[in-house]
**Q** 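Below is a structure I'd like to ask you about.
FYI, side chains are in, hydrogens and waters are out, and symmetry mates aren't considered; it's all heavy atoms of this structure. When a ligand or atom number is given, it counts from 1 through the structure's own listing order.
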Amino acid sequence: MPVQTIATTPYDDQKPGTSGLRKKVRVFQQPGYAENFVQSVFDSLEGFAGQTLVVGGDGRYLNRDVIQIVLKMAAANGFGRVIVGQGGILSTPAASHLIRASGAFGGLVLSASHNPGGPDEDFGIKYNVGNGGPAPEKVTDAIHARTLTIDQYRISDDSDVDIDSVGTAKMGDMAVEVVDPVALYADLMESLFDFAAIRAMIAGGFTLAFDSMSAVTGPYAIEIIERRLGAPAGTVMNGTPLPDFGHHHPDPNLVHAKELYNRLMADDAPDFGAASDGDGDRNLIIGRHSYVTPSDSLAVLAANAHLAPGYVAGLKGIARSMPTSGAADRVAQKLGVPLYETPTGWKFFGNLLDAGMATICGEESAGTGSDHVREKDGIWAVLLWLNILAVRKQSVAAIMADHWATYGRNYYARHDYESIAKDKADALMAALRSKLDSLPGTTNSGGTIAAADDFAYTDPTDGSVSRNQGVRILFTDGSRVVFRLSGTGTEGATLRVYIERYVPVGGDLGMETGDALAPLIAAAQEVADIAGFTGMEAPSVIT
Ligand code: VG1
Ligand code: CO
């Protein structure tokens with residue numbers, strides 16, 4: 001296998017964000033752009049000679065090309081084996097499981113998740129470490145530092161490998177194993193949940209719809225929901241992964257999963273609806289005429305997880321990202337287990353899961369998961385919901401009403417202001433940060449401000465500190481407004497405003513979310529002058 005060493009010059013924009021490096025496809029198509037990043041990953045690691053690397057992606061445009069580049073670079077850099085999903089497909093949770101199950105050194109997950117795909121849209125590369133989870137900050141910082149000094153990369157001269165047939169090939173000394181991307185993952189799901197009970201529920205007339213959004217979960221959902229659980233063909237909508245996701249954003253929210261939402265709100269709606277995102281790690285849950293906010297979903301899953309075989313022993317702890325509502329905190333309190341509040345992004349959960357401190361984790365952005373892998377997992381969340389429904393034999397709406405009657409309700413919404421000029425977004429955040437000290441004690445439409453800070457997190461397992469993770473404005477009645485800038489976008493900046501109000505048991509638990517939050521939405525404007533800085537009078541997306 002002839003290896004070429006190619007001279008290169010650094011790109012100055014390869015800093016990984018919340019979840020890997022995400023850029024426009026055109027950016028990735030610059031000469032040496034993907035190669036520089038992949039070599040920088042390898043240069044930041046030690047001890048992988050002869051070891052295994054897992055590679056796969058969500059099937060978006062450029063997936064196949066970058067997989068061939070990764071194979072040739074892995075061979076030239078001394079990996080012993082690469083395991084690749086057939087057709088280049090691996091959902092993010094399935095990649096995490098495969099890394100763990102195969103004892104791999106790490107993996108490269110090719111995805112820009114919920115971002116749109118296609119020649120004019122987005123692509124991404126994320127490195128996951130041997131526990132199956134996203135590289136922690138110290139690793140992504142090292143990768144970024146290397147991208148700024150890199151002067152060469154190594155790549156094999158070999159021709160492309162056939163990644164469409166299951167089997168093993170050789171590239172020099174390195175084995176390339178093409179595997180079924182679904183089977184191992186589906187078996188893991190079957191080991192965690194009571195498939196017989198869910199099957200019986202479906203056979204008994206329970207109806208459901210699952211929207212794969214033309215993204216990676218299609219083959220997984222068809223195997224698990226239709227084949228193994230016996231749901232009728234057609235239960236899985238948009239089940240073929242397309243390189244451009246059929247021109248949609250594979251983002252499972254009320255804007256982009258509108259088709260599913262409308263179906264669940266119709267008179268003849270099925271009992272249960274769900275969707276997942278581009279790379280299969282997020283989930284949207286909608287009961288018949290009953291939308292479940294992701295933060296509430298996390299709380300309900302945590303409160304009821306013991307009803308599924310994989311979690312009968314109970315939870316060791318619950319972890320949520322800081323902007324996620326406090327609904328899960330009340331469940332943790334009742335269960336008598338610790339609750340951890342981390343910065344946004346799954347990479348902060350890995351240490352807690354590895355240390356056995358948390359069993360279930362979640363984010364307000366529709367990501368929930370457990371210690372079965374080290375990524376959030378869309379299909380896992382759907383199956384846990386189905387398992388709970390099969391045991392409790394109640395509707396989603398009834399389960400939600402019961403949950404709120406037990407714990408009180410955290411009214412919650414996220415307002416996204418997209419495509420803001422970066423300097424304006426930075427100026428807004430800087431202005432907010434500069435007045436944090438003077439806010440406590442002042443009053444606005446939201447009430448009296450009790451505290452205001454910039455969230456910082458100290459990892460309880462290794463003491464590492466992450467600062468500037470979002471500005472929190474906390475009111476005396478427990479309500480809060482949180483501001484942060486997205487770390488996954490590829491165009492300008494996105495301001496995320498997270499709004500939460502808690503109403504205890506005995507209060508009005510049946511309000512419309514918009515009404516419940518109106519005073520706090522006004523307060524967010526007053527404190528941050530969003531319209532003044534951005535020129536936008538309303539958010540582009542509300543979830
Ligand atoms: C967003 C979400 C965050 C999630 C991240 C990656 O990040 O808010 O909760 O972990 O996407 O998810 P940001 O920085 O844009 O707010 V995924 O499914 O896009 O890999
Ligand atoms: Co995702």
Side-chain angles (χ1 to χ4, degrees), residues 15-22 57-60 90-96 109-117 121-128 133-135 137 140 212-213 215-217 220 241 245 249-253 256-257 275-284 294-295 297-298 319-325 341-350 361-369 373-381 412 414-420 425 429 455 466 468-470 482-498 540-541 543:
K15 185 175 168 52
T18 311
S19 184
L21 181 70
R22 288 189 196 173
D58 61 13
R60 71 178 59 224
L90 278 178
S91 77
T92 291
S96 182
V109 181
L110 310 181
S111 169
S113 190
H114 60 289
N115 299 22
E121 300 295 353
D122 296 351
F123 188 74
I125 305 182
K126 182 171 66 162
Y127 179 67
N128 281 26
E137 270 192 333
T140 54
S212 286
M213 304 191 85
V216 80
T217 53
Y220 296 86
F245 309 118
H249 287 227
D251 193 346
N253 62 33
H256 297 297
S276 191
D277 70 334
D279 62 332
D281 57 359
R282 298 192 189 190
N283 68 91
L284 171 74
S295 292
S297 179
L298 169 66
R320 64 162 171 86
S321 66
M322 180 274 284
T324 304
S325 95
E341 187 177 34
T342 61
T344 294
W346 213 260
K347 59 179 172 244
F348 295 101
F349 293 132
C361 308
E363 294 192 279
E364 53 65 39
S365 53
T368 351
V373 291
R374 292 294 179 272
E375 290 277 7
K376 52 191 187 279
D377 188 341
I379 288 184
W380 171 89
Y412 186 88
R414 186 178 94 188
H415 290 196
D416 290 339
Y417 295 79
E418 296 177 321
S419 302
I420 311 172
M429 292 302 292
F455 181 64
S466 304
N468 303 325
Q469 297 295 327
V482 173
F483 300 85
R484 61 179 283 281
L485 298 183
S486 160
T488 56
T490 59
E491 239 172 342
T494 294
L495 171 69
R496 301 205 196 283
V497 184
Y498 309 84
S540 19
V541 180
T543 49

**Q** Counting no waters, how many protein N/O/S atoms sit under 2.8 Å from the Co ion (ligand 2)?
**A** 4
**Q** In terms of residue, atom name and distance, what is the protein heavy atom nearest to atom 7 (O) of ligand 1?
**A**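 Of the protein heavy atoms, Thr488 CG2, 3.5 Å lies nearest.
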**Q** Can you tell me if Lys347 contacts ligand 1 (heavy atom of the residue under 4.0 Å from the ligand)?
**A**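 Checking ligand 1 against Lys347, which is what was asked, there is no heavy-atom contact under 4.0 Å.
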**Q** Within a distance under 4.0 Å of any heavy atom of Arg414, pick out the atoms of ligand 1 and give their elements.
**A** 8 (O)
**Q** Name the closest protein heavy atom to atom 2 (C) of ligand 1, giving the residue it belongs to and the distance to 0.1 Å.
**A** Ser365 OG, 3.5 Å
**Q** Ignoring angles and geometry beyond distance, decide whether Tyr498 reaches within less than 3.5 Å of ligand 1 through its nitrogen or oxygen atoms.
**A** no
**Q** Going by the angle between their ring planes, with limits at 30° and 60°, are His249 and His256 parallel, tilted or perpendicular?
**A**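 Parallel, since the angle between the ring planes stays under 30°.
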**Q** Taking Asp58 for its side chain and Arg60 for its backbone only, find out whether a donor-acceptor pair lies under 3.5 Å.
**A** yes
**Q** Between the side chains of Arg320 and Glu341, is the shortest nitrogen-to-carboxylate-oxygen separation below 4.0 Å, so that they form an ion pair?
**A** yes
**Q** Number the atoms of ligand 1 from 1 as they appear, then name those within less than 4.0 Å of a heavy atom of Asp281, with their elements.
**A** 18 (O), 20 (O)
**Q** Quick one: which ligand 1 atoms are inside 4.0 Å of a heavy atom on Arg22?
**A**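 By the 4.0 Å cutoff, the relevant atoms are 17 (V), 19 (O), 20 (O).
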**Q** May I ask you to check whether Gly487 has an N/O atom sitting below 3.5 Å from an N/O atom of ligand 1?
**A**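 Indeed, backbone or side chain, Gly487 has an N or O that close.
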**Q** Could you tell me whether the side chains of Thr543 and Asn253 share a donor-acceptor contact shorter than 3.5 Å?
**A**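 No, no side-chain donor-acceptor contact under 3.5 Å.
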**Q** For ligand 1, is there an N or O atom under 3.5 Å from any N or O atom of Thr344?
**A**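 The answer is no, given that Thr344 and ligand 1 share no N or O pair closer than 3.5 Å.
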**Q** Give the numbers and elements of all ligand 1 atoms closer than 4.0 Å to a heavy atom of Thr18.
**A** 5 (C), 7 (O), 13 (P), 14 (O)
**Q** Of all the atoms in ligand 1, which lie at a distance below 4.0 Å from a heavy atom belonging to Arg496?
**A**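 This gives 8 (O), 13 (P), 15 (O), 16 (O) as the contact atoms.
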**Q** Does Ser91 offer a backbone N or O that forms a donor-acceptor pair with the side chain of Tyr220 under 3.5 Å?
**A** yes
**Q** Asp277 heavy atoms, cut-off 4.0 Å: which ligand 1 atoms fall inside?
**A**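 Result: 18 (O).
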**Q** Any idea which protein heavy atom is nearest atom 18 (O) of ligand 1, and the distance to it?
**A** Ser113 OG, 2.5 Å
**Q** Just going by heavy-atom distances, which of Glu363, Lys376, His114 is nearest to atom 6 (C) of ligand 1?
**A** Lys376
**Q** Could you verify whether a donor N or O on one side chain and an acceptor N or O on the other, from Ser113 and Asp277, lie under 3.5 Å apart?
**A**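 Yes - a donor-acceptor pair under 3.5 Å links their side chains.
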**Q** Taking Thr368 for its side chain and Leu298 for its backbone only, find out whether a donor-acceptor pair lies under 3.5 Å.
**A**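 Pair absent, no side-chain N/O of Thr368 close to backbone of Leu298.
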**Q** Would Glu375 count as a contact of ligand 1 if the rule is a heavy atom under 4.0 Å away?
**A**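 Glu375: no contact with ligand 1 (<4.0 Å).
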**Q** Taking only residues two or more places apart in sequence or in another chain, which ones pass side chain to side chain donor-acceptor pair (under 3.5 Å) with Asn128?
**A** Glu375
**Q** List the closest protein heavy-atom neighbour of atom 1 (C) of ligand 1: residue, atom name, distance to the nearest 0.1 Å.
**A**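 The closest heavy atom on the protein side is Arg282 NH2, 3.6 Å.
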**Q** Does at least one non-hydrogen atom of Gly345 fall below 4.0 angstrom from an atom of ligand 1?
**A** yes
